[in-house]
Amino acid sequence: MRWVPTRLPGWAGQGLRAAVVVALLALLVQGLRGWISSKRFEFQPEEIAQLARHHAGLDHELAFSKIIVELRKKHPGHILPDEDLQWVFVNSGGWMGSMCLLHASLTEYVLLFGTAVDTGGHSGRYWADISDTIISGTFRQLKEGTTKSEIYYPGDTIMHRAGEATSVQWSAGTWMVEYGRGFIPSTLTFALADTIFSTQDFLTLFYTVRVYVKGLLLEASAYFVDTGSK
């Protein structure tokens, strides 16, 4: 008697496919974690925070210019040149601010961020650790699971761990230095969501993608130079 395989019921087939997708995602997450944990990073969060604290309280444009100069001295070849520095709008989670990207790779970024108007909304939930050190203004944060907000001032550093989400609010004139470490491309889905589906400001979308690609190309160049010199 020959055995004839029977087809799985529709719900069972869908369940099997879902289980396979979940398993593949779990393997991907574990692989990314292993890769990131074993990687050598160009920057340290304490370094960026200390540099920003040193200039906290100054006029933000003066502080930013000094910070850029010092970062280029400490990390030659890893900070975008002046001609590639551009202030770009960011619409995410209901808030709107401006950023100037200084460094970007697959696992790190350094940028200047702030707003000249009051704004606030959802922080986003990332596959990355993010720290912000305030140069001027105030930043208010309501953490998930709490009922009271905290307010931060120039010189303070706010840590946003991977997987966390908070309610955030910036007062007009708040400017800060931000460092992110993790799987950076995953942060772009949140950073660009409002631009794509709400404001439909595709010029800003182009500017954002372009400067990130420039950061990646700069890091690739630095990698090959470093590899060739060994």
Side-chain angles (χ1 to χ4, degrees), residues 31-56 58 60-90 92 97-114 124 126-135 155 157-162 175-192 204-230:
L32 287 173
R33 285 179 175 175
W35 172 53
I36 291 172
S37 64
S38 63
K39 187 181 182 298
R40 186 188 72 82
F41 295 96
E42 178 66 28
F43 301 87
Q44 295 301 320
E46 299 82 7
E47 169 201 4
I48 302 299
Q50 183 177 0
L51 179 59
R53 278 195 298 269
H54 182 69
H55 299 290
L58 294 178
H60 69 276
E61 292 184 343
L62 176 61
F64 287 161
S65 64
K66 289 178 176 290
I67 288 168
I68 291 171
V69 168
E70 293 187 39
L71 284 174
R72 285 192 176 131
K73 288 180 180 178
K74 294 180 179 179
H75 304 276
H78 294 278
I79 301 298
L80 286 168
D82 286 343
E83 58 267 26
D84 290 332
L85 298 183
Q86 178 184 7
W87 283 98
V88 180
F89 278 139
V90 183
S92 301
S98 294
M99 72 159 187
C100 180
L101 189 69
L102 306 182
H103 166 89
S105 69
L106 293 176
T107 55
E108 289 180 285
Y109 71 78
V110 180
L111 59 80
L112 312 174
F113 174 81
Y126 309 104
W127 287 12
D129 292 331
I130 298 172
S131 65
D132 290 281
T133 302
I134 301 174
I135 298 294
T157 298
I158 305 97
M159 287 299 305
H160 186 100
R161 299 293 182 186
W175 300 94
M176 55 185 64
V177 182
E178 182 169 296
Y179 172 70
R181 174 183 291 186
F183 185 53
I184 303 308
S186 70
T187 67
L188 291 177
T189 56
F190 175 79
L192 297 176
T204 290
L205 173 65
F206 168 73
Y207 288 152
T208 304
V209 173
R210 181 178 66 176
V211 74
Y212 182 59
V213 170
K214 285 182 178 180
L216 293 178
L217 292 175
L218 181 65
E219 281 309 290
S221 175
Y223 172 79
F224 288 119
V225 168
D226 183 60
T227 303
S229 63
K230 292 180 179 179

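Residues take their numbers from the sequence shown, with the count starting at 1.
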Problem - Over 12 non-hydrogen atoms of neighbours within 6.0 angstrom of CD in E70 - result: yes
Practice task
Not counting sequence neighbours, which residues clear side-chain contact (heavy atoms from CB on, under 4.5 Å) with L218? List them please.
Solution key: L80
Problem - Note, E108 side chain near H78 side chain (heavy atom, < 4.5 Å) - result: no
Exercise for the section: Could you tell me which residues satisfy ring-ring contact (aromatic ring centres under 6.0 Å, His included) with H103, sequence neighbours excluded, listed by chain and number? Expected result: F43
Exercise for the section: List in chain and number order the residues that pass ring-ring contact (aromatic ring centres under 6.0 Å, His included) with H54, two or more places apart in sequence or in another chain; answer none if no residue qualifies. Expected result: none
Handout entry: Main-chain N/O of T204 paired to T208 side chain as donor or acceptor, under 3.5 Å
Key = yes
Practice task
State whether the side chain of D129 and the backbone N or O of R161 hold a donor-acceptor pair below 3.5 Å, judged by distance alone.
Solution key: no
Practice task
Name all residues meeting the ring-ring contact (aromatic ring centres under 6.0 Å, His included) criterion together with Y212; count only those two or more places apart in sequence or in a different chain, and write none if there are none.
Solution key: none
Exercise for the section: Check salt bridge (Lys or Arg N to Asp or Glu O under 4.0 Å) between R210 and all other residues, then give those that pass, not counting sequence neighbours. Expected result: none
Fill in the blank from the handout: Residues passing the side-chain contact (heavy atoms from CB on, under 4.5 Å) test with T187, sequence neighbours excluded, are Y126, A128, I184
Exercise for the section: Name all residues meeting the side-chain hydrogen bond (donor to acceptor under 3.5 Å, both in side chains) criterion together with E46; count only those two or more places apart in sequence or in a different chain, and write none if there are none. Expected result: none
Exercise for the section: For S98, check side-chain hydrogen bond (donor to acceptor under 3.5 Å, both in side chains) against everything at least two apart and list the hits. Expected result: none
Exercise for the section: Output all residues satisfying side-chain contact (heavy atoms from CB on, under 4.5 Å) with P76, sequence neighbours left out; order by chain, then residue number. Expected result: none
Handout entry: Member of D132, V177, T133 meeting the side-chain contact (heavy atoms from CB on, under 4.5 Å) criterion with I48
Key = V177
Exercise for the section: Name all residues meeting the side-chain hydrogen bond (donor to acceptor under 3.5 Å, both in side chains) criterion together with S131; count only those two or more places apart in sequence or in a different chain, and write none if there are none. Expected result: none
Fill in the blank from the handout: Taken in chain and number order and not counting sequence neighbours, the residues that satisfy side-chain contact (heavy atoms from CB on, under 4.5 Å) with A56 are P154
Exercise for the section: Answer yes or no: does atom CZ of F89 have more than 12 heavy-atom neighbours from other residues, nucleotides or ligands under 6.0 Å? Expected result: no
Exercise for the section: Go through the structure and list residues passing side-chain hydrogen bond (donor to acceptor under 3.5 Å, both in side chains) with Y109, not counting sequence neighbours. Expected result: E178
